[in-house]
Structure formats: C-alpha cells, structure tokens
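One structure is given below, encoded as structure tokens.
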Amino acid sequence: MADFTADFCDAHPDKVSVLGPGYANYGGATMAQGEVVTIRLDRNNSDLITLLRDEDGQGKVVVVDADQAYYAIVGENLMKFAQASGYTGIIVNGYVRDTFQIKDIPVALYALGTCSRKYIPVTQGERDVSLSFGGINFKPGDYVYTDTDGVIVTAEPLA
C-alpha cells in the first residue's frame with residue numbers, strides 16, 4: 001500500500017468513510033487493504049473460524065459484527081488461520097484476546113478492546129450481510145484501507 005489513509009481522505013473526501021473512535025490495532029501488520037467480507041456473529045466465533053480457516057483470503061479484509069458483546073471473538077488461533085489463508089486484516093465490532101501472541105502475526109486486527117473469555121455455546125452467524133457500526137455501513141465488496149491512523153472504507157478500490 002503506497003498511500004496512507006490520510007492521503008486517501010485528502011484526495012477522495014467524497015468517497016471515503018472513516019471508522020469512528022475506539023478501535024485499535026492489536027495485530028502485527030500496521031497496514032492492510034482489501035475487499036470486504038462480512039460476517040455477523042452472536043457471541044460465538046465458530047462461523048468465523050470456518051471462514052478464516054477454509055476460504056481463500058487473498059486481497060480481503062474480514063469485517064465482523066459481534067454487537068460489542070463482551071467476549072473475545074479473535075485470538076491467536078484465528079489470527080494464524082487468517083494469515084495462512086492470506087487475509088490482510090480483520091475488523092471486529094467487539095473484543096479480542098491473546099494480544100501478546102498475536103502482536104507478531106502479520107495481519108491487522110482492529111477491535112474495541114480485549115477480553116480474556118470466549119463464548120463457548122455454538123450459535124449461528126450470518127455471512128455476506130450489510131453491517132453498520134463505528135459510523136460506517138460495511139457492504140460485501142466494499143474496500144478497506146487501514147494504517148496507524150485508522151480505518152477507511154470506500155465503495156471501490158482507490159488508485
């Protein structure tokens with residue numbers, strides 16, 4: 001990624017949405033970009049595990065809405081799956097864990113904060129749906145850019 005999010009915001013102010021405050025990067029990559037893949041979860045992350053482990057993530061960023069439930073959605077194992085499948089980043093409207101272990105995995109991981117526990121009972125998630133959080137409406141096929149300044153979303157890739 002040659003440009004930074006600030007450069008894109010300056011050059012394309014009418015095409016860029018900026019993720020609101022409160023999200024921090026816990027992953028090992030300081031920059032990421034890619035096509036949006038969406039998933040809505042009900043506290044349990046089993047559907048996200050399947051996505052990250054079994055699907056080709058080349059050129060993609062996963063956007064996860066866990067409705068800010070205070071359970072860890074992503075940890076060390078999911079980050080390893082994301083890296084192995086080629087995902088460049090994960091954005092979670094929720095919490096993460098294993099931050100000591102994941103800081104060296106080269107995938108960006110934006111979340112609201114940390115939580116040590118995960119939700120054990122399996123619940124059903126929804127794939128490829130529009131999500132709305134942090135002041136942004138995320139749609140499958142949108143494009144995400146992240147760096148140390150934050151996260152921006154556009155309807156199509158920016159040159």
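These values consider heavy atoms only, across backbone and side chains, with no hydrogens, waters or symmetry-generated copies.
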State, yes or no, whether a side-chain contact exists between Gln124 and Asp42 at a heavy-atom distance under 4.5 Å. no
From the list Leu51, Ile120, Leu41, Val122, side chain to side chain contact (heavy atoms under 4.5 Å, CB included) with Ser46 holds only for Val122
State the CZ-CZ distance between Phe81 and Arg53, to the nearest 0.5 angstrom. 6.0 Å
Between Thr5 and Asp147, the two heavy atoms sitting closest are N-OD2, 2.7 Å
Minimum heavy-atom separation for Ser132 to Asp65, with atom names? O-OD2, 4.3 Å
Stepwise, does the side-chain contact (heavy atoms from CB on, under 4.5 Å) test hold for Ile152 with Val144? CA-CA 6 Å; Ile152 62 170; Val144 169; over 6 Å; no
Return the set of residues passing side chain to side chain donor-acceptor pair (under 3.5 Å) with Tyr23 (not counting sequence neighbours), or none when no residue passes. Asn93
Could you go through Val64 and Leu48, starting from their C-alpha distance and side-chain angles, then the distance that decides it, and tell me whether this counts as side-chain contact (heavy atoms from CB on, under 4.5 Å)? CA-CA 8 Å; Val64 183; Leu48 180 59; 4.0 Å; yes
Taking C-beta and beyond as the side chain, do Ile136 and Ser17 meet within less than 4.5 Å on heavy atoms? yes
Interatomic distance, Lys60 atom NZ to Glu55 atom CD [nearest 0.5 angstrom]: 7.0 Å
I'd like to check Ile73 versus Val96 (side-chain heavy atoms, cut-off strictly below 4.5 Å). Are they in contact? no
Is the closest side-chain heavy-atom distance between Tyr110 and Val92 below 4.5 Å? no
From CG (Asn137) to CG (Leu131), nearest 0.5 Å: 9.5 Å
Would the Tyr71 and Tyr95 ring centres measure less than 6.0 Å apart? no
Check Thr154 against Lys15 and note the closest heavy-atom contact, atom names and distance. CG2-O, 3.5 Å
Mind checking whether Phe138 and Phe133 have ring centres under 6.0 Å apart? yes
Take Val74 and Leu109 through the test side-chain contact (heavy atoms from CB on, under 4.5 Å) and record every step on the way to the result. CA-CA 9 Å; Val74 176; Leu109 174 61; 3.9 Å; yes
Residues in salt bridge (charged side-chain N to carboxylate O under 4.0 Å, His left out) contact with Lys103, at least two apart in sequence or another chain: none
Determine whether Ile102 and Asp104 make a side-chain contact, defined as any pair of heavy atoms from C-beta on separated by less than 4.5 Å. no
Are Tyr70 and Ile91 connected, step by step, through hydrophobic side chains (Ile, Leu, Val, Met, Phe, Trp, Tyr) whose heavy atoms are closer than 4.5 Å? yes
Look at the side chain of Thr146 and the backbone N and O of Ala32, then say whether any donor-acceptor pair between them is shorter than 3.5 Å. yes
Should Val37 and Met79 be regarded as members of a common hydrophobic cluster, given that ILVMFWY residues are connected when their side-chain heavy atoms come within less than 4.5 Å of each other, either directly or indirectly? yes
Which heavy atom of Glu76 sits nearest a heavy atom of Asp98, and at what distance? N-OD2, 2.9 Å
Side chains of Pro121 and Asn44: does their closest heavy-atom pair fall under 4.5 Å? no
Nearest atoms (heavy-atom pairs only) where Ala82 meets Ile90: CB-CD1, 4.0 Å
Which value, rounded to the nearest 0.5 Å, describes the distance between Gln83 atom CD and Leu52 atom CG? 12.0 Å
Side-chain contact test, heavy atoms from C-beta onward, threshold under 4.5 Å: evaluate it for Val62 versus Ile39 and give yes or no. yes
Just by distance, do the side chain of Asn25 and the backbone of Ala108 share a donor-acceptor pair under 3.5 Å? no
Find out if a path of hydrophobic residues (ILVMFWY) with successive side-chain heavy-atom gaps under 4.5 Å connects Ile105 to Ile49. yes
Tyr145 and Met31: CA distance, side-chain angles, deciding distance, side-chain contact (heavy atoms from CB on, under 4.5 Å) verdict: CA-CA 8 Å; Tyr145 299 88; Met31 300 177 89; over 6 Å; no
Which atoms form the tightest heavy-atom contact between Ser130 and Lys139, and what is the distance? OG-CG, 3.6 Å
What's the spacing between Leu112 CG and Tyr26 OH if we round to 0.5 Å? 8.0 Å
Any side-chain donor near an acceptor of the partner, Asp128 and Thr38, under 3.5 Å: no
In Å and rounded to the nearest 0.5 Å, what is the OG1 to CZ distance from Thr99 to Arg97? 11.0 Å
